[in-house]
Asks: 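Handing you this structure, nothing more for now.
A quick note: this is a predicted structure, and the numbers were derived from the prediction, not measured. Letters A, B, ... are given to chains in the order of the sequence lines, protein chains preceding strands, and every chain is numbered from 1. All values below come from the heavy atoms of this structure, side chains included, with hydrogens, waters and symmetry mates left out.
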There are 4 protein chains.
Amino acid sequence: MTQEVFLTRDERPLSEPAEAAGVGIRQRQKAARPGQIIEAAFAEFAEKGYAAARLEDVARRIGITKGTIYHYFPGKEDLFKAMVMAHLLPLIDGLKAIAGDEGTGGVTLLRLLLERAWHDMVGNEKSREFVRLLVGEASRVPELAQFFQRELTSRAEELIAAVIERGVATGEFHAEAAKRLAGFPDAIMAPAVMACFQAVLISGAGMPLPDIVAMKEAHLHLLLNGLLVRP
Amino acid sequence: MTQEVFLTRDERPLSEPAEAAGVGIRQRQKAARPGQIIEAAFAEFAEKGYAAARLEDVARRIGITKGTIYHYFPGKEDLFKAMVMAHLLPLIDGLKAIAGDEGTGGVTLLRLLLERAWHDMVGNEKSREFVRLLVGEASRVPELAQFFQRELTSRAEELIAAVIERGVATGEFHAEAAKRLAGFPDAIMAPAVMACFQAVLISGAGMPLPDIVAMKEAHLHLLLNGLLVRP
Amino acid sequence: MTQEVFLTRDERPLSEPAEAAGVGIRQRQKAARPGQIIEAAFAEFAEKGYAAARLEDVARRIGITKGTIYHYFPGKEDLFKAMVMAHLLPLIDGLKAIAGDEGTGGVTLLRLLLERAWHDMVGNEKSREFVRLLVGEASRVPELAQFFQRELTSRAEELIAAVIERGVATGEFHAEAAKRLAGFPDAIMAPAVMACFQAVLISGAGMPLPDIVAMKEAHLHLLLNGLLVRP
Amino acid sequence: MTQEVFLTRDERPLSEPAEAAGVGIRQRQKAARPGQIIEAAFAEFAEKGYAAARLEDVARRIGITKGTIYHYFPGKEDLFKAMVMAHLLPLIDGLKAIAGDEGTGGVTLLRLLLERAWHDMVGNEKSREFVRLLVGEASRVPELAQFFQRELTSRAEELIAAVIERGVATGEFHAEAAKRLAGFPDAIMAPAVMACFQAVLISGAGMPLPDIVAMKEAHLHLLLNGLLVRP
DNA sequence: CATGAATGAGGGTTCATTCAT
DNA sequence: CATGAATGAACCCTCATTCAT
């Protein structure tokens with residue numbers, strides 16, 4: 001069982017060939033370009049950071065030249081935004097899917113939520129790098145920061161709140177805990193983010209990753225039971 | 001009650017040579033320069049990121065010229081490292097202080113630990129920016145990443161493990177929870193890190209900060225009691 | 001009779017791509033660029049010396065901008081090396097050509113050798129400046145100094161030795177003189193080098209050049225006959 | 001017998017302590033400073049060239065600071081000139097001394113002249129470096145180039161002409177050779193200059209120096225007898 | 001006299017962006 | 001569509017020179 005166990009859903013590469021049937025290879029190439037560029041851009045931005053990434057390196061990664069990028073994106077910053085969007089949208093869709101789940105109990109919903117979070121933020125190398133990139137650079141692009149806050153963060157917070165509420169309604173969760181968490185719902189997700197950074201740091205240092213599944217279980221257990229001995 | 005309530009300890013600015021008695025203004029200037037420069041560098045690096053920060057802006061911030069920086073630091077990267085170190089050292093000392101506390105119960109120790117973490121990572125604007133900067137850039141300076149991992153992260157993890165162990169020894173904490181957390185001690189600190197990012201994002205978007213003290217309380221309560229209703 | 005009488009062979013400028021038929025102007029430009037840049041670089045380096053030469057001036061000389069130079073050369077030092085090589089290679093070829101001459105007598109060969117030396121080191125302004133530049137700067141680029149020593153100096157010394165040997169074999173040269181010169185073959189070429197410096201100094205001072213052909217004749221005569229009256 | 005055998009005359013260091021008797025050490029220090037600085041400057045200029053030499057390195061060489069140099073010299077260029085002058089003057093004096101020698105025969109005078117030339121240009125490391133420096137940089141300082149031409153070169157040429165004339169007068173030298181050399185007297189000295197460069201290049205490449213005394217003898221022999229077999 | 005902190009004018013180098021081909 | 005030569009605006013870094021101490 002590898003560390004990439006969380007790849008349970010749509011892991012389509014961004015540069016999908018779009019199953020073009022009768023069109024020539026040139027057509028297919030052309031249609032695939034933006035996705036290829038975004039993918040290469042992600043790799044460079046993640047590795048070097050926005051400012052230090054060079055468009056020439058992005059281009060070379062997929063065997064094109066600098067100029068070609070400008071056929072598809074107006075400039076470096078736009079490419080960055082597009083790349084972030086391309087990665088953000090699936091995450092948002094994931095959240096929407098859960099929100100639609102007229103699931104049963106609070107615990108089940110919570111588990112579903114954590115599953116998604118761990119998948120999206122810790123599940124594989126690219127996810128982790130993306131989170132790191134977002135934290136490091138997004139605040140330099142206010143437009144993105146706002147989109148991120150509006151579409152993902154606040155949506156996630158609402159979802160968490162809803163899940164807790166449901167747990168309280170079904171009698172699973174403690175009402176007082178729910179009230180207390182109202183002002184800090186992200187605390188629920190925090191360990192996943194933490195695991196993300198831990199993994200980035202560790203793999204950056206060339207050390208072996210810890211057991212991610214066990215970490216996820218520890219996370220859930222901590223949320224549900226806390227540390228204290230039941231009286 | 002402002003957001004800077006956590007400024008309970010030594011918040012001496014990095015500059016200022018402590019005591020300057022009979023020495024001339026030039027002498028005082030000279031002794032204070034490195035600290036001033038580091039402070040200005042922090043501001044620029046935090047605002048623009050390592051690559052986008054300009055030494056000229058760092059200099060202008062304290063009314064000197066670019067060249068002067070080179071009297072005190074060999075170059076941009078060294079300045080960055082020095083700045084990180086200047087911020088990291090106090091955090092390490094903070095951890096050491098707690099480790100020395102032959103405290104009583106696990107809960108008390110845990111509270112102490114959280115207090116420190118929230119102070120150091122969420123307590124004020126600069127702390128938060130520093131954490132963000134570290135996450136965003138440290139991996140580009142492997143030397144720093146390793147120092148960070150060795151001196152701070154692993155030390156913190158040991159401390160957390162010790163605290164939990166003590167809680168188990170005193171009968172406060174659940175043995176099973178302790179065992180489960182052994183592989184993921186950072187989960188304990190995660191909500192503080194999360195709050196840090198949340199605050200950065202929110203203030204970056206120009207919105208008002210939430211009640212940090214309440215968040216800290218919610219954090220502690222969640223850790224201790226979990227979400228579930230006691231059976 | 002001008003001073004440039006020695007331009008008897010291929011004095012093609014370094015630029016110009018030889019034949020440019022139907023290709024567009026852009027193509028022709030591109031192919032010619034490295035040569036143009038090297039030529040301009042030579043002029044600047046010769047005039048100001050390596051350290052004081054400015055790439056911007058090199059660029060302006062041929063109507064391009066600083067940045068363009070970096071499309072063709074990795075940096076200032078590489079440009080310098082390339083320029084030296086471009087000038088050195090023809091000289092080496094010249095020596096090889098003579099070495100291939102299965103000439104007749106020692107005197108004839110010696111005359112051939114001197115002809116080349118005077119042409120290559122005194123014959124025209126550029127040659128002279130190049131020698132001066134080499135003497136002044138080569139030692140700062142050990143790589144070049146070694147190449148120069150290995151490919152040109154030692155080759156020339158071997159050639160001189162061979163010429164003298166042949167003169168001895170044919171009975172033209174004095175055996176004792178030959179033996180004595182074995183340890184100092186460069187003495188044979190020395191007057192040409194001297195004339196090079198003299199010309200540089202003199203034209204630098206704005207004075208008229210002496211009669212170079214006469215100097216060359218004096219050189220040959222001195223070598224062959226010496227100063228003493230025959231007994 | 002080492003290579004420095006030519007050190008037969010006044011090899012006083014430039015920074016002589018001026019045998020001050022009762023004056024304090026401070027006084028002596030002060031009086032010696034300009035000479036020390038010039039000596040250090042020579043070392044740096046010779047090693048790096050004028051443009052690349054740093055005044056700070058000059059200062060450090062003798063344990064003072066940059067600023068002190070400005071107490072004794074108006075600036076970098078003036079220091080360079082002063083250094084060149086300090087080295088040039090003894091050479092000029094050497095020539096004058098020979099010119100005063102109402103010596104006997106032409107051969108004897110010629111030998112005297114060569115002795116000086118080899119001593120001053122090949123005799124030791126510093127002499128050689130100085131010649132190289134002069135060739136490389138002097139033309140960038142027209143003022144110096146003119147002084148050099150007027151005081152040293154032309155004086156040397158006159159001296160050589162006089163020596164040859166005397167040889168002709170005494171019947172030692174061939175009249176035709178004398179006439180021919182009138183337009184190129186430097187040819188006489190050329191091998192010494194050549195040996196200088198050869199030595200610089202060779203020691204720059206870390207190889208062992210050839211036998212300088214033998215080279216000098218070969219030089220003289222070549223001048224007197226030429227290469228041809230006497231008919 | 002001597003120091004060395006500070007200045008400020010460059011110069012080498014990089015790279016996003018443009019545009020003729 | 002794609003190329004890649006060319007531009008030009010920065011930015012890091014160096015260092016001769018100044019001057020308060």
Asks: Can you see if the side chain of Tyr72(B) gets near the phosphate of dA5(E) - specifically, an N or O under 4.0 Å from OP1 or OP2?
Replies: no
Asks: For dC15(E), does OP1 or OP2 lie under 4.0 Å from any side-chain N or O of Tyr70(C)?
Replies: no
Asks: Taking C-beta and beyond as the side chain, do Leu133(A) and Met83(A) meet within less than 4.5 Å on heavy atoms?
Replies: yes
Asks: Quick one: look up who dC11(F) pairs with, Watson-Crick or G-U, both distances under 3.5 Å, and put none if it's unpaired.
Replies: dG12(E)
Asks: Can you spot which of Phe73(B), Phe42(B), Phe45(B) makes a ring pair (Phe, Tyr, Trp, His ring centres under 6.0 Å) with Phe80(B)?
Replies: Phe45(B)
Asks: Contact class for Ala53(C) (heavy atom, under 4.0 Å): base, sugar-phosphate, or nothing?
Replies: sugar-phosphate
Asks: Using purine N1 to pyrimidine N3 plus N6-O4 or O6-N4 for Watson-Crick, or N1-O2 and O6-N3 for G-U wobble, both under 3.5 Å, which nucleotide pairs with dT21(F)?
Replies: dA2(E)
Asks: Rounded to the nearest Å, what distance is computed from the CZ atom of residue Arg33(C) to the P atom of nucleotide dG4(F)?
Replies: 17 Å
Asks: Report yes if a side-chain nitrogen or oxygen of Thr68(C) is closer than 4.0 Å to either non-bridging phosphate oxygen (OP1 or OP2) of dT7(F); otherwise report no.
Replies: yes
Asks: Is there a donor N/O on one and an acceptor N/O on the other, under 3.5 Å, for the side chain of His71(D) and the base of dA2(E)?
Replies: yes
Asks: Taking donor-acceptor contacts at under 3.5 Å, does the side chain of Lys66(A) reach the base of dT3(F)?
Replies: no
Asks: Quickly work out the Asp78(B) CG to dT14(F) P distance and round it to whole Å.
Replies: 11 Å
Asks: Toward the 5' end of DNA chain F, which comes first, Pro74(D) or Gly67(B), by nearest nucleotide?
Replies: Gly67(B)
Asks: Tell me the interatomic distance from Ile69(A), atom CD1, to dG4(F), atom P, rounded to whole angstroms.
Replies: 13 Å
Asks: I want to confirm an ordering. Mapping Ala51(C) and Thr65(B) to their closest nucleotides on DNA chain E, which one lands closer to the 5' end?
Replies: Thr65(B)
Asks: Identify the two heavy atoms, one from Arg140(B) and one from Gly49(A), that lie closest to each other, and give their separation to 0.1 Å.
Replies: NH2-CA, 3.4 Å
Asks: Between Arg60(D) and Asp57(D), is there a salt bridge with N-O shorter than 4.0 Å?
Replies: yes
